[in-house]
Amino acid sequence: MLGLIDSNNFYVSCERVFDPKLEKRPVVVLSNNDGCIVARSEEAKAMGIPMGAPYFKVKSLLERQQVEVLSSNYHLYGSMARRVVDTIQEVVPELEIYSVDEQFLDFSSFSGQDLSELSRTLRTRVLRHTGIPTSIGLAKTKTLAKLANRLAKKNRVHKGVYLLEDTRLIRKYLSLSPVSDLWGIGSRYAARLAKHNIITALDLYDAPSMWVKKEMTIVGLRLWHELHGTPCLSLEQVQKPKKNICTSRSFGKLQTSYSALSEAAAHHASCCAQKLREQRSVAAFVNVFVQTNRHNEHHPQYRNSFTYPLPETTNDTRHIVHYTEQALQRIFRPNFYYQKCGVIVSGLTPEDNRQLALFENDEIVQEFSSSVAKPMANTPCSLMKIMDEVNYRFGHNTLKLASCGTKADWHMRQAHRSPRYTTHWDELPVVYCH
DNA sequence: TCTGGGGTCCTAGGACCC
DNA sequence: TCTGGGGTCCTAGGACCC
C-alpha cells in the first residue's frame with residue numbers, strides 16, 4: 001500500500017496559520033502579478049468562484065461577497081511546505097515529494113499495521129505541528145491513491161483518510177467519477193474519449209487495454225494498469241535534478257524600453273544561475289523570450305525567443321547574464337508593449353563532471369576579476385560561492401550584478417501580500433501581552 | 001487597465017551512422 | 001520479380017501535472 005498526503009487548500013491554509021481572522025471566511029490567493037485565482041478556501045469554492053479566473057474579471061464579485069484577497073507569498077508557502085514534509089518524515093521517512101503540497105508515502109516498512117489508523121495519527125500530528133490540515137488517500141497504486149485522496153477530502157465522514165482497496169468499491173467510485181477526474185486525463189483526452197463514448201472513469205477501466213494503448217500511447221496504458229491495481233509508476237524518493245530551469249515574470253505594467261527588458265532579463269538570468277548552483281548543475285544553453293500581451297487587441301503583437309549555445313557549460317551568474325544580453329539584443333524590437341520576458345537554461349549536466357571546452361574562454365572572468373580586490377575573486381567558483389553565502393545570510397539580492405538594475409519599475413504587482421512570517425527577520429509575527 | 005509560473009514525458013519523422 | 005538490418009540523436013508537437 002502507498003499513500004498520498006495532500007494539504008487542503010494549501011496556500012489559503014498557510015495564510016490562516018498566521019492570520020486567524022481568515023478562518024471560516026471566504027479567502028482566495030492570487031497568482032504572481034495578482035493575475036489569476038490559484039487557491040480558494042472551501043467557503044470561496046462554495047460561492048462558485050472558479051479556479052484560474054483572471055482577478056480583474058471577478059474583482060467586483062469578490063468585493064460584493066467580502067472575500068479576502070491575498071497576493072501569493074511564495075517565501076511563506078515554501079517554508080511551510082518544508083515544515084509539513086519534516087513533520088511527515090518523523091513518522092513516515094520514505095516518501096516522494098510530488099509537489100509543494102503533495103507527498104506520496106511508502107508504507108512498505110509498516111506491514112501488519114492499521115494504515116488508516118496510522119494515517120489519522122499522522123494528520124493530527126501535521127495539524128498540531130504546522131497548523132496545516134491534510135487529507136490522506138491509501139491504495140495499491142499512485143493513481144488509485146490519488147482517487148482515494150479525493151474521497152478522503154470530499155466526504156467528511158472519512159475524517160480525512162480513505163483506504164481504497166476493495167475492487168467492488170473501486171468500480172463503484174470509478175462509475176461515479178467523470179473520466180477527466182483521473183490523474184493523467186486532461187481536457188484533450190477527455191474530449192477524445194467522449195467521442196468513443198467513454199464518459200466515466202469506469203468506462204476507461206472496462207475498455208480493452210490494447211485499445212487504450214492505441215488511443216493514448218504507453219502513458220494511457222500505464223494509467224489503465226494502475227487503475228486495475230498494477231503499479232506502473234514507482235515512488236521517486238530521490239529528487240532528480242531538473243533538466244530545464246526557467247525564470248520568468250509578467251511585468252507590473254507594460255514595458256517598451258530595451259533597458260527595462262535588459263534589467264528584467266538579467267534578473268531572471270541571475271535567478272536561473274543561482275538555481276543551477278543549488279542543484280549543482282551547469283547549463284549548455286540559455287534561451288531568452290519576450291512577448292507582448294496576447295489578450296490586448298489594440299497593440300501590435302510580437303513574441304520571439306533566441307537560444308544561445310554557451311561556449312562552455314557554466315553556472316556562473318556573470319556568464320549566464322552576459323549571454324542572456326546577447327540573446328536579448330537579437331530579439332528585441334522597439335515600439336512594442338512588452339508584457340513578459342523570461343530566461344530558460346537547458347542542456348544541464350552535473351557541475352562536478354563538467355565538460356571543458358577545447359579552448360576555455362575566460363575573458364569575462366578575467367575582465368571582471370581584474371577590477372575586483374584580488375583575494376576575493378580569482379576564480380569564478382569562489383566568487384559565486386561567496387555571493388550565494390552572502391545572499392543566504394543577509395537575504396536574497398543583497399549582492400547582485402549591476403545589470404539587474406536598481407529601480408525595477410518592471411516588477412510585478414503584489415498589492416495584497418502578507419508578511420513573510422517565517423523567513424524574514426523584519427516580518428516576524430508580533431505577539432502582544434496584556 | 002487588468003489574464004501565472006513553473007515543470008515532465010512520449011511520439012513521429014528526419015537526419016545520420018555502420 | 002527481386003532493393004538489408006541494425007542502430008542513435010534531435011526536434012517539434014502534443015499531451016499532461018501542480
Side-chain angles (χ1 to χ4, degrees), chain A residues 4 6-11 28-39 50-60 62-63 69 71-74 77-78 81 96-104 142-143 146 149 179-193 212-223 226 232-234 236 239-255 264 268 271-272 275 279 284-285 287 289 291-299 305 307 309 337 339-348 412-416:
Chain A
L4 175 66
D6 172 317
S7 302
N8 304 344
N9 316 326
F10 182 57
Y11 294 171
V28 299
V29 177
L30 304 176
S31 65
N32 271 328
N33 216 26
D34 292 347
C36 300
I37 290 181
V38 291
M51 179 67 167
Y55 177 44
F56 77 96
K57 283 192 179 173
V58 291
K59 196 171 173 185
S60 60
L62 300 181
E63 278 164 9
V69 177
S71 302
S72 39
N73 184 347
Y74 291 111
Y77 311 150
E96 171 188 336
I97 298 176
Y98 175 65
S99 73
V100 70
D101 66 337
E102 285 172 88
Q103 297 81 31
F104 284 105
K142 282 183 163 181
T143 308
K146 272 275 199 185
N149 182 283
V179 71
S180 57
D181 273 7
L182 293 173
W183 188 41
I185 305 290
S187 58
R188 301 294 179 96
Y189 274 140
R192 264 170 67 177
L193 290 169
V212 173
K213 183 175 180 202
K214 192 176 108 255
E215 288 293 314
M216 303 170 64
T217 76
I218 191 80
V219 184
L221 183 62
R222 282 201 286 252
L223 166 63
E226 285 251 321
C232 298
L233 306 170
S234 56
E236 311 276 342
Q239 273 189 11
K240 291 193 187 130
K242 289 188 172 49
K243 298 175 174 176
N244 302 289
I245 290 174
C246 174
T247 306
S248 72
R249 289 288 177 280
S250 298
F251 300 125
K253 50 186 184 219
L254 300 178
Q255 299 292 326
H268 299 329
C271 290
C272 284
K275 291 179 192 172
Q279 73 160 30
F285 301 94
N287 172 281
F289 61 91
Q291 52 191 252
T292 53
N293 182 355
R294 65 181 197 281
H295 301 286
N296 189 325
E297 292 159 9
H298 308 298
H299 296 318
S305 73
T307 303
Y337 288 91
Q339 187 233 358
K340 182 177 184 174
C341 88
V343 174
I344 305 169
V345 287
S346 58
L348 308 191
M412 64 179 177
R413 281 187 302 275
Q414 217 178 26
H416 314 279

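Below, chain A is the first sequence line, B the second, and so on; all start at residue 1.
Not counting sequence neighbours, A:K340 has no partner by the salt bridge (charged side-chain N to carboxylate O under 4.0 Å, His left out) test. Every residue meeting the side chain to side chain contact (heavy atoms under 4.5 Å, CB included) condition with A:Q414, not counting sequence neighbours, appears here in chain and number order: A:S71, A:M412, A:R417. Evaluation of the side chain to side chain contact (heavy atoms under 4.5 Å, CB included) rule for A:K243 yields no partner, not counting sequence neighbours. In terms of the salt bridge (charged side-chain N to carboxylate O under 4.0 Å, His left out) criterion, residue partners of A:K146 (sequence neighbours excluded) are, by chain and number, A:E102.
When heavy atoms are screened at a 4.0 angstrom cut-off, A:K146 is found touching the sugar-phosphate backbone but no base atom. Residue A:K340 is classed as a sugar-phosphate contact, given heavy-atom separations below 4.0 Å to backbone atoms only. Counting any heavy atom pair closer than 4.0 Å across all strands shown, A:N293 reaches sugar-phosphate atoms only and no base atom. In this structure, A:N33 reaches neither bases nor backbone, as no heavy-atom distance under 4.0 Å exists between it and the strands shown. Here A:S187 lies in heavy-atom contact (under 4.0 Å) with sugar-phosphate atoms only. Looking at heavy-atom distances under 4.0 Å, A:T247 makes contact with sugar-phosphate atoms alone, never a base. Across all strands, A:L30 comes closer than 4.0 Å to no nucleic acid atom at all (heavy-atom distances). Nucleic acid contact class of A:Y189 (heavy atoms, under 4.0 Å, all strands): sugar-phosphate only. A:I97 comes within 4.0 angstrom of nothing in the nucleic acid, heavy atoms only.
Checked options A:C246, A:S305, A:C272; the residue passing with A:N287 is A:S305 (criterion: side chain to side chain contact (heavy atoms under 4.5 Å, CB included)). Residue A:K142 forms a salt bridge (Lys or Arg N to Asp or Glu O under 4.0 Å) with just one option from A:E236, A:E96, A:E226, and that option is A:E96.
Heavy atoms only, all atoms of each residue included: A:L221 and A:V212 are closest at N-CG1, 4.0 Å.
Chain A approaches DNA chain C over the interval C:dA15 to C:dC18, counting the first and last nucleotide 5' to 3' with an atom under 4.0 Å from its heavy atoms.
In terms of position on DNA chain B, the residue among A:K243 and A:Y74 whose nearest nucleotide sits closer to the 5' end is A:Y74. Nearest-nucleotide assignment on DNA chain B puts the 5′-proximal partner with A:R249, out of A:T217 and A:R249.
Aromatic ring pairs are classed by plane angle as parallel below 30°, tilted from 30° to 60° and perpendicular above 60°; the pair A:Y98 and A:W183 is perpendicular.
When ring centroids are compared, A:F251 and A:Y337 stay outside the 6.0 Å threshold.
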Whenever both distances are under 3.5 Å in a Watson-Crick or G-U wobble pair, mark it; put DNA chain B into dot-bracket that way, with [ ] for crossing pairs and | when the partner is on another strand.
....||||||||||||||
